[in-house]
Protein chains: 2
Amino acid sequence: MRSVTINDGLERLAQKLGRVCTLTSEERLALAGLPGAERAFGPREEMVAQHRPTDGLQLLVEGFACRFRLLPDGRRQILGFLLPGDICDLSTLVLGHPDHAVSALGVVRTSVLPAAALAAALERHPRLARAFWWLTAVDAAITREWLVNVGYRSAHERVAHLLCEVYWRLESVGLAHDNQCRFPLTQTELGDAVALSAVHINRTLMNMRRTGLARMQGGMLELLDRHALQAAGGFDPAYLHLPSVGSPFHAGASPWKAQGARNGFG
Amino acid sequence: MRSVTINDGLERLAQKLGRVCTLTSEERLALAGLPGAERAFGPREEMVAQHRPTDGLQLLVEGFACRFRLLPDGRRQILGFLLPGDICDLSTLVLGHPDHAVSALGVVRTSVLPAAALAAALERHPRLARAFWWLTAVDAAITREWLVNVGYRSAHERVAHLLCEVYWRLESVGLAHDNQCRFPLTQTELGDAVALSAVHINRTLMNMRRTGLARMQGGMLELLDRHALQAAGGFDPAYLHLPSVGSPFHAGASPWKAQGARNGFG
DNA sequence: CGTGGGGTTGACAACCTTCAATAACTGTGG
DNA sequence: CCACAGTTATTGAAGGTTGTCAACCCCACG
């Protein structure tokens, strides 16, 4: 198979942005002109430090990463996963400095979008700016879902829900097929994501394997029974705001997509 | 004391937006022209329904509210609190439909900002649009902190942290003085916010009263020992992005505020 | 004066954590 | 190719934090 290029990452980003409003060729060009230096990271390497201002945003081109907060006593809470096409430190662009760190899961390649150039492009292309705003809104929606997951659900449900999210998101960017995908996550990391101890994660995963729900082993995630897993986690993909999700509220409900449409915008 | 008017709510919103970049008089005028119909709600009344598209955004003028998700079995997870000057359903503006509901705590008055007019104003004033983007980014930052709170901390810490957040935010809009503020929250609701049972909230609060940390009774919140409470909750107000917080990263770190400044934007 | 919601308290159970030990796996160097 | 070390996965036992159930009190309100 051919190697993954920066353009692949950019293309995925453009596709995501295109969910808000169809991008003009000018806007696409502005995007394409952004990528600068490439970077590569090994497993567990820190891609963004929690409190150090950055010179540019990193577009994830290949591999997976997670955003997290390190707590005083050494434990950590993972705040979300980053997939190819995601911008690793988007909040930085608006807030001025990162309030959480980003770490690579497995081998990762990124491309740096210089902050100055990006800010200029967003200034020149307001629709692009709105699309980026939409990105942070979707991000917030996912975080809210995680809050519900961690706050409300049992261990079994939490893990099921998270596995569903990972698979659905990977599938939407073409990185998952036939209920299988690569996702190199240790049980400890999974625990940090859903706020459970590694030991309990282990028991939960084994239970899921035995009952034929899902399997996560050797860097691979496999949904053995997709619908059962979805039910077990109370998973409704609407919050991911993916295309063609079949949610009754998805189509054309964005104010700037359906200008002058039924919700009175424009 | 004089009654609270819509202008108070608008003024608070303008102040918040002004943290990103100083608003021009034109931009302020555009804001001032927005408010439409007023609405009033009683305690526990639903202000925004979870899945019904809305015609406009509600600016909270007086009183308090909470955003929450209702789960199939009747329990709920509160996702955040809304204070005067906050926009109740900001995410709707970008995402097209609310993915969570909003409920009044106590008596609430709001003013409706018509979606069409707001969208037009943001189109005409890009800096205003950026400021609104900043609002959703801050919102996301707070949600991330809640995720850490619920995922990581013990019951005692969680409650302490939440009380700190509420007090700090209220103080920043002038609604708290001398370690006291009004905040009408039942113990059940507090439990829904930090993902603990009402019974356990009760024990935790009583413990805090006995040990002289804080008191929450009769709709009033009182921090008996501000620093001890802060320490007990591991509370660092930086994530709230309030003015004059003393965070080393706060001043001028926003890309559009310090144009051409040290981080290379502009 | 009755009623209902919220607060308080106790007993008990459940879920999950921690500790600890072992097994499986990965990459490295001899 | 094997031995080795370090990490990850697995398993058992014990304990703690928190949830559930149930009762009671208090107060506001009609």
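Labels below follow one simple rule: chain letters A, B, ... track the order of the sequence lines, proteins then strands, and each chain is numbered from 1.
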Strictly under 3.5 Å: I want the nitrogen or oxygen pairs between protein and nucleotides 6-9 of chain D, one per line.
unit_1 : atom_1 : unit_2 : atom_2 : d
D:dT8  : OP1    : A:R44  : NH2    : 3.2
D:dA9  : OP2    : A:Q187 : N      : 2.9

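- In this structure, B:Y239 has its ring center at least 6.0 angstrom away from the ring center of B:W168.
- With a 4.5 Å cut-off on side-chain heavy atoms, B:L59 and B:I87 count as touching.
- Counting heavy atoms from C-beta outward, A:L163 and A:L229 have side chains that approach closer than 4.5 Å.
- Evaluation of the side-chain contact (heavy atoms from CB on, under 4.5 Å) rule for B:V138 yields A:L95, B:W134, B:I142, B:H241 as partners, not counting sequence neighbours.
- Using a 4.5 Å cut-off on side-chain heavy atoms (C-beta onward), B:H156 and B:M208 make contact.
- Considering only heavy atoms from C-beta on, B:L205 comes within 4.5 Å of B:L190 through its side chain.
- Summary for the helix from C:dC1-D:dG30 to C:dG30-D:dC1: the axes at its two ends, each from 5 pairs, differ by 40° when rounded to the nearest 10 degrees.
- The stretch residues 99-110 of chain B participates, sequence neighbours left out, in these salt bridge (Lys or Arg N to Asp or Glu O under 4.0 Å) pairs: A:R144-B:D99, B:E38-B:R109, B:E62-B:R109.
- Remark: A:N179 pairs with A:R226 by the side-chain hydrogen bond (donor to acceptor under 3.5 Å, both in side chains) rule, at least two apart or across chains.
- The span of DNA chain C lying next to chain B, judged by atoms under 4.0 Å from heavy atoms, is bounded 5' to 3' by C:dG6 to C:dA11.
- Partners of B:N149 under the side-chain contact (heavy atoms from CB on, under 4.5 Å) rule, at least two apart in sequence or in another chain, are B:R153, B:R158, B:H161, B:V194.
- A heavy-atom distance below 4.5 Å is not found between the side chains of A:C181 and A:L175.
- Partners of B:P184 according to the side-chain contact (heavy atoms from CB on, under 4.5 Å) rule, which considers only residues two or more places apart in sequence or in another chain, are B:F64, B:R182.
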Look for any protein N or O under 3.5 Å of an N or O in nucleotides 23-30 of chain D and output each such pair with its distance, or none.
none

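- When B:D139, B:D89, B:D86 are each tested for a salt bridge (charged side-chain N to carboxylate O under 4.0 Å, His left out) with B:R67, only one passes: B:D139.
- Evaluation of the side-chain hydrogen bond (donor to acceptor under 3.5 Å, both in side chains) rule for B:D73 yields A:Y152 as partners, not counting sequence neighbours.
- The side-chain heavy atoms of B:L79 and B:T143, taken from C-beta on, include no pair separated by under 4.5 Å.
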Polar pairs (N or O, both sides) under 3.5 Å between protein and nucleotides 16-19 of chain D?
unit_1 : atom_1 : unit_2 : atom_2 : d
D:dT18 : OP1    : B:A155 : N      : 2.8
D:dT18 : OP2    : B:H200 : NE2    : 3.4
D:dG19 : OP1    : B:S197 : N      : 3.2
D:dG19 : OP2    : B:S197 : N      : 3.2
D:dG19 : OP2    : B:S197 : OG     : 3.0

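- Legend: side-chain hydrogen bond (donor to acceptor under 3.5 Å, both in side chains) pairs involving residues 194-206 of chain B, not counting sequence neighbours, sorted by first then second residue: B:Q187-B:N202.
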